[in-house]
Amino acid sequence: RPVAFYSGGLNESLVVPPFWIPMEIAHVEHGDPRVTLCKLDVDGYWRNPTRTPMFRDLVSASRCSRGKSGSLSSLYEEAMSRERKPLSPSGFVFHESRVGSTLIANMLASVPTNLVYSESAPPPAVINHCRSCTTEQRTTVLRQLFALMGASPVHERLFFKFQSITVPNIAILSAAFPETPWIFVYRDPVQVMMSHFKHGVGGHGAPCLREHKRPRAATARILDPTDASKASSASAERYCAAHLAMLCEHALENDKAAGAKALMVNYDSLPGSLVHYVVPHHFGLADAYDDDMRRRMLDVANVYSKRRKTLPADAASGDAGQKSSSSKPLWGGDSEEKENAASPKVKKAAEELMRPRFEKLLRATTEKTGGDDLLAYKHRPIE
């Protein structure tokens, strides 16, 4: 399979053909779910992942008004009857939100032999919203759905980056795919809060505030263990900190349960830790990529992950250096800027509600790596 598709050299003659990919799943709680599929532009995705960084962008760019649909069971049987069997997941990416997870997805997607789903719609429809499903039913649906999503005619590896709100349900995915390694990406508390509040504390669209009016119990307990009713009236700063702390707590709980299959990854170690440690050591793919592919992953990290524009010619061809064609880096850290812009209220909420979990995450990283915090990999080149 790899020889027929890729034999070295990332160039224009290498074309990834489109194929039918699930973009929606419905009626999960009512027997055999209905799946809608579309032929997505996966060739355009690997060439310019920052142009369509989210699954919804890829669906839109692929003009998926005309798709096809069928029952999950029949589509699964059809996929399994083919000579080329569906791929099993090579790795899962969970995250705190606004911590570099899209950067990771873009880096993985920039390799043409990787099939990457960046916050696709079907998985959370099963993971988060099938409330009446039994464990057995949910596991069966997830395995059949992921088989359809991995039914590529050419790809060799399959990766999923999930929405941050799936973190409380990591155990569901671990039960369905116990052999799949996963990571959770986290960041300094003040910096991640300021990323959520990029339009201001009172601005619209902060992901950490989406459940503010109807807080989940785990978030309410962090805000006030004695009176959950106070959660909805908490300030934006305190609620955001509690929501993010809730995600970190769930990640830490699942990290212990998963053992060697889980790894907590600090934002400050990116992008280098993905190429030099996570992919080869944690995902177990040390021999899966040649130096051209590994360099391309790092090159894509020089571009803002949600740019939604075409890559510069040098980056798109896989030959980008440390700077773009404008001689100015298109992606880079903004940690100091966020720290300086944080209000006293943000800093207080972050320190009180998030800092203890952040310190636990730092320790969890080194416990799994034999004492390595992975920070030394941040800017390491391909030698």
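For the atom pair CG (Asn169) and CZ (Arg138), the distance works out to 7.0 Å, reported to the nearest 0.5 Å. The distance from atom CZ of Arg157 to atom CG of Leu108, rounded to the nearest 0.5 Å, is 12.0 Å. Put simply, CD1 on Ile25 and CE on Met23 are 13.0 Å apart, with the number rounded to the nearest 0.5 Å. How far CG of Leu374 is from CE of Met264: 11.5 Å, rounded to the nearest 0.5 Å. Here the CG-CD distance, from Leu142 to Gln144, works out to 10.0 Å after rounding to the nearest 0.5 Å. To the nearest 0.5 angstrom, His212 atom NE2 is 10.0 Å from Cys240 atom SG.
The shortest side-chain heavy-atom distance between Leu115 and Phe19 falls under the 4.5 Å cut-off. A 4.5 Å side-chain heavy-atom check between Leu274 and Val279 finds at least one atom pair inside the cut-off. Residues His95 and Lys161 form a side-chain contact, since some pair of their non-hydrogen atoms from C-beta on lies under 4.5 Å apart. Side-chain contact between Tyr186 and Leu362: present, with at least one pair of heavy atoms (C-beta onward) separated by less than 4.5 Å. Using a 4.5 Å cut-off on side-chain heavy atoms (C-beta onward), Arg238 and Glu352 make contact. Within the 4.5 Å cutoff, no side-chain heavy atoms of Glu179 are placed close to those of Ser88. Inter-residue side-chain proximity for Leu263 and Thr369 is flagged as met; some heavy-atom pair is nearer than 4.5 Å. Counting heavy atoms from C-beta on, the side chains of Pro207 and Arg98 come closer than 4.5 Å.
Residue Leu173 is grouped with residue Trp182 when hydrophobic side chains (ILVMFWY) are merged at heavy-atom distances under 4.5 angstrom, including chains of intermediate members. Hydrophobic clustering (side-chain heavy atoms under 4.5 Å, transitive across Ile, Leu, Val, Met, Phe, Trp, Tyr) groups Val93 together with Val265.
Listed for the Glu359 side chain is no donor-acceptor partner under 3.5 Å among the backbone atoms of Met354. Ser101 places no side-chain N or O within 3.5 Å of a backbone atom of Ser97 that could act as its donor or acceptor partner. In this structure, the side chain of Lys85 engages the main chain of Met80 through a donor-acceptor pair within 3.5 Å. For the pair Lys261 (side chain) and Thr180 (backbone), a donor-acceptor distance under 3.5 Å is absent. Under the 3.5 Å distance criterion, the side-chain polar atoms of Glu119 are left unmatched by any main-chain donor or acceptor of Gln163. Using modelled atom types, one side-chain atom of Arg84 and one backbone atom of Pro153 make a donor-acceptor pair closer than 3.5 Å. Under a 3.5 Å cut-off, the side chain of Ser195 and the backbone N or O of Gln191 do not form any donor-acceptor pair. The main-chain N or O of Ile170 is never found under 3.5 Å from a side-chain atom of Asn254 such that the two would form a donor-acceptor pair. In this structure a side-chain-to-backbone donor-acceptor pair under 3.5 Å is missing from Thr139 to Ala176. A donor-acceptor pair under 3.5 Å links the side-chain atoms of Ser118 to the main chain of Pro53, judged by distance alone.
For the pair Lys368 and Asp255, the salt-bridge criterion is met [side-chain N within less than 4.0 Å of a carboxylate O]. A salt bridge is absent between Arg187 and Glu96; no separation between the charged side-chain nitrogens and carboxylate oxygens falls under 4.0 Å. Look at Lys348 and Glu237 and you find no salt bridge, because none of the NZ, NE, NH1 or NH2 atoms lies under 4.0 Å from a carboxylate O. For the pair Arg47 and Asp43, the salt-bridge criterion is met [side-chain N within less than 4.0 Å of a carboxylate O].
Annotation: Asp287, atom CG; neighbour count of heavy atoms from other residues, nucleotides and ligands within 6.0 Å does not exceed 12.
Minimum heavy-atom separation, Leu252 to Arg357: CD1-O, 4.0 Å. Shortest non-hydrogen contact noted between Asp188 and Val190 is OD2-N, 3.2 Å. Ala251 and Val167 make their closest contact through N-CG1, 4.0 Å (heavy atoms, listed as atom of the first residue, atom of the second, distance). Taking all atoms of both residues into account, the shortest heavy-atom contact from Leu375 to Ser269 is CD2-N, 3.8 Å. Nearest heavy-atom pair across Pro17 and Val42 is O-CG2, 3.6 Å. The shortest non-hydrogen separation linking Cys130 to Glu29 is SG-CG, 3.6 Å.
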**Message:** Determine whether Lys39 and Ser62 satisfy the following criterion, side chain to side chain donor-acceptor pair (under 3.5 Å), listing intermediate values before the conclusion.
**Reply:** CA-CA 7 Å; Lys39 283 193 173 182; Ser62 302; over 6 Å; no
**Asked** How far apart are the C-alpha atoms of Asp299 and Arg296, what are their side-chain angles, what is the distance that settles it, and do they pass the salt bridge (Lys or Arg N to Asp or Glu O under 4.0 Å) test?
**Response** CA-CA 5 Å; Asp299 290 340; Arg296 180 171 169 80; over 6 Å; no
**Request:** Applying side chain to side chain contact (heavy atoms under 4.5 Å, CB included), run through Asn128 and Ile172 and close with a yes or a no.
**Result:** CA-CA 9 Å; Asn128 294 343; Ile172 293 173; over 6 Å; no
**Prompt:** Yes or no on side chain to side chain contact (heavy atoms under 4.5 Å, CB included) for Ile104 and Val278, after CA distance, side-chain angles and deciding distance?
**Reply:** CA-CA 11 Å; Ile104 289 173; Val278 174; over 6 Å; no
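Side-chain polar atoms of Asn266 and Asp373 form no donor-acceptor pair below 3.5 angstrom. When only modelled atom types and interatomic distance are considered, Tyr289 and Thr113 share no side-chain donor-acceptor pair under 3.5 Å.
Screening Tyr117, Phe92, Phe283 against Phe159 for a ring-ring contact (aromatic ring centres under 6.0 Å, His included) leaves a single residue, Phe283.
Taking the six-membered ring for Trp and the full ring otherwise, Phe162 and Phe94 have centroids separated by under 6.0 Å.
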